[in-house]
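To keep things clear, I will list the structure first and then write my remarks on it.
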Amino acid sequence: MGDQDLPGVLVSGFKGPHGICEDHVRDLQKHFHLITMEEFLENKTQLAPKIRAVFVWGGRPAVDRELLRSLPSLRIVASAGAGLDHLDLALIASSGVKVASTPHAVSSPTADLGMALLLAAARRVVEGHQLAVSPDTEKFSINWMGQGVTGATLGIIGMGSIGYKIAQRARAFEMKILYHNRKRRKLEEEGAVGATYCARLDDLLQWSDFVMLAVSLTPQTQGLVGRRELSLMKPSATLINIGRGPLVDQDALVEALQTGVIKAAALDVTSPEPLPRDHPLLKLKNVTLTPHIGSATHQARRQMMESLVESILASLNGLPIPNEVLLE
């Protein structure tokens, strides 16, 4: 069967920062006729009826009303990752189109990065590296210190699959674990990681040495941590965000870091991404930044791709869709 006879799948492209992984293209082409957005826009009339699925990688291509209306044969939007804030689920459902994501593939690598950021901020790893390699460094001060992690209190906001894996890792560091979640976990799940539920977010903020945001971005969670929430945290506390940038009021965060309201922040996500090159967060020594790499391991990205292929094939064959996203 030739490429043209395979189900058409719309992708962002093969190159540039938003292109699908080069290593995945050959595997995807075993199952699908891949059509880039550029090709589609140049030849909508011929290609639109052939497209049965949209393969969303890194939030691209954008699935809006215009695109949905232009794809009469579309069956499924398959989106890499766990976050869904880039998709209008109600709009897609109203078009009779299914949605699938890859929540399980991202949970472990994102939890790993969360702990990496916590440790890096606590022990001032980036500052230490810069000091160690600086041509101006002649001696190391014996009193150049960071914060202890063992025995410290970690507050996790969002105890889904990622938050729970963070708790598993934190327990190995003998941390005291608090969590705040829309729904409380089962007692046996809490017991397995030694986690204590905080019904009030304020309590978690006041008691934690490290606060980790691992919650999805929704209208309810946008701006979840603002000036008031930061003021409740300990002056020695560190904020870690591995969720989405808009969970945090960045102006309030900059102010809190500059004035000592909190000690430090470690952020894998910001708003926008990347930040403008003159943004004050880029100039603060007590900030550790990474470029939204929570799921960025070769193993996780391959698992994500394979999961999306499985979901698309299931949809096209009328089978139950793995990791289908259902409207609540």
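Counting begins at 1 with the first residue of the sequence. All values below come from the heavy atoms of this structure, side chains included, with hydrogens, waters and symmetry mates left out.
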Identify, with sequence neighbours excluded, every residue that meets side-chain contact (heavy atoms from CB on, under 4.5 Å) alongside K186. E188, E189

Are I166 and W207 linked, directly or through intermediate hydrophobic residues, by side-chain heavy-atom contacts shorter than 4.5 Å (ILVMFWY only)? no

Steps toward side chain to side chain contact (heavy atoms under 4.5 Å, CB included) verdict (L316, R75): CA-CA 7 Å; L316 300 186; R75 298 283 295 275; 4.0 Å; yes

Would you check, one step at a time, whether the test side chain to side chain contact (heavy atoms under 4.5 Å, CB included) holds for L267 with T288? CA-CA 6 Å; L267 313 170; T288 302; over 6 Å; no

No-hydrogen, no-angle side-chain donor-acceptor test under 3.5 Å, H86 and S79: yes

I want to check something: taking the side chain as every heavy atom from C-beta on, are S107 and Y164 in contact at a cut-off of under 4.5 Å? no

Non-neighbouring partners of D203 that pass side chain to side chain donor-acceptor pair (under 3.5 Å), sequence neighbours left out: R200

Contacts satisfying ring pair (Phe, Tyr, Trp, His ring centres under 6.0 Å) that involve residues 92-118 (not counting sequence neighbours) are none

Where at least one partner belongs to residues 92-114, residue pairs that pass salt bridge (charged side-chain N to carboxylate O under 4.0 Å, His left out), sequence neighbours excluded: K98-E324, D112-R169

Salt bridge check, K15 against E22: does any charged N sit closer than 4.0 Å to a carboxylate O? no

D27 vs M305 side-chain heavy atoms within contact, under 4.5 Å: yes

Would you list the pairs meeting side chain to side chain donor-acceptor pair (under 3.5 Å) in which at least one residue belongs to residues 239-253, sequence neighbours left out? D85-R244

Any non-hydrogen side-chain atom of L313 less than 4.5 Å from a side-chain atom of F32? yes

Worked verdict on L257 versus L281 for side chain to side chain contact (heavy atoms under 4.5 Å, CB included): CA-CA 9 Å; L257 291 164; L281 279 176; 3.9 Å; yes

Using the rule that two of Ile, Leu, Val, Met, Phe, Trp, Tyr join whenever any of their side-chain heavy atoms come within less than 4.5 Å, decide whether F210 and I162 are in one cluster. yes

If you apply the rule side chain to side chain contact (heavy atoms under 4.5 Å, CB included), what do you find for V125 with L119, and how did you get there? CA-CA 8 Å; V125 169; L119 292 164; 6.0 Å; no

Can you confirm whether R184 is buried at CZ, in the sense that more than 12 heavy atoms of other residues, nucleotides or ligands lie under 6.0 Å from that atom? yes

Between S295 and R301, is any pair of side-chain heavy atoms under 4.5 Å apart? yes

Could you tell me if the side chain of V287 sits less than 4.5 Å from the side chain of L282, heavy atoms only? no

So do T297 and Q303 actually touch side chain to side chain, heavy atoms under 4.5 Å? no

All salt bridge (charged side-chain N to carboxylate O under 4.0 Å, His left out) counterparts of E306, not counting sequence neighbours: R302

Is the shortest heavy-atom distance from the side chain of L213 to the side chain of L239 under 4.5 Å? yes

Can you name the nearest heavy-atom pair linking M212 to G114, along with the distance? CE-O, 3.4 Å

With Y197, which residues qualify under ring-ring contact (aromatic ring centres under 6.0 Å, His included), at least two apart? Y179

Hydrophobic clusters join Ile, Leu, Val, Met, Phe, Trp and Tyr when side-chain heavy atoms are under 4.5 Å apart, directly or via other members; which others share one with V325? L10, I35, M37, F40, L41, L47, I51, V54, V56, V63, L67, L68, L71, L74, V77, L84, L87, L89, L91, I92, V97, V99, L327

Under 3.5 Å, is there a donor-acceptor pair between the N323 and S101 side chains? no

Test: side chain to side chain donor-acceptor pair (under 3.5 Å). Region: residues 49-68. Which pairs qualify, not counting sequence neighbours? H18-R60

Indicate yes or no: at least one non-hydrogen side-chain atom of V225 is less than 4.5 angstrom from one of L247. no

Quick one: CG on L253 to CD1 on I262, what's the gap to the nearest 0.5 Å? 5.5 Å

Give me each pair satisfying side chain to side chain donor-acceptor pair (under 3.5 Å) with a member in residues 219-237, each pair once, sequence neighbours excluded. D202-R228, D209-K234, T218-Q220, T218-T221, R227-E255

Are V193 and V211 connected into the same hydrophobic cluster when the rule is that any two of I, L, V, M, F, W, Y join if their side-chain heavy atoms are below 4.5 Å apart? no

Going by atom type alone, with no hydrogens or angles, which donor-acceptor pairs under 3.5 Å involve a side-chain atom of residues 135-159 and a protein atom two or more places apart or on another chain?
residue: T137; atom: OG1; partner: L131; partner atom: O; Å: 2.6
residue: S141; atom: OG; partner: N143; partner atom: N; Å: 3.1

Does any pair with a residue in residues 274-284 pass side chain to side chain donor-acceptor pair (under 3.5 Å), and if so which ones, sequence neighbours excluded? none

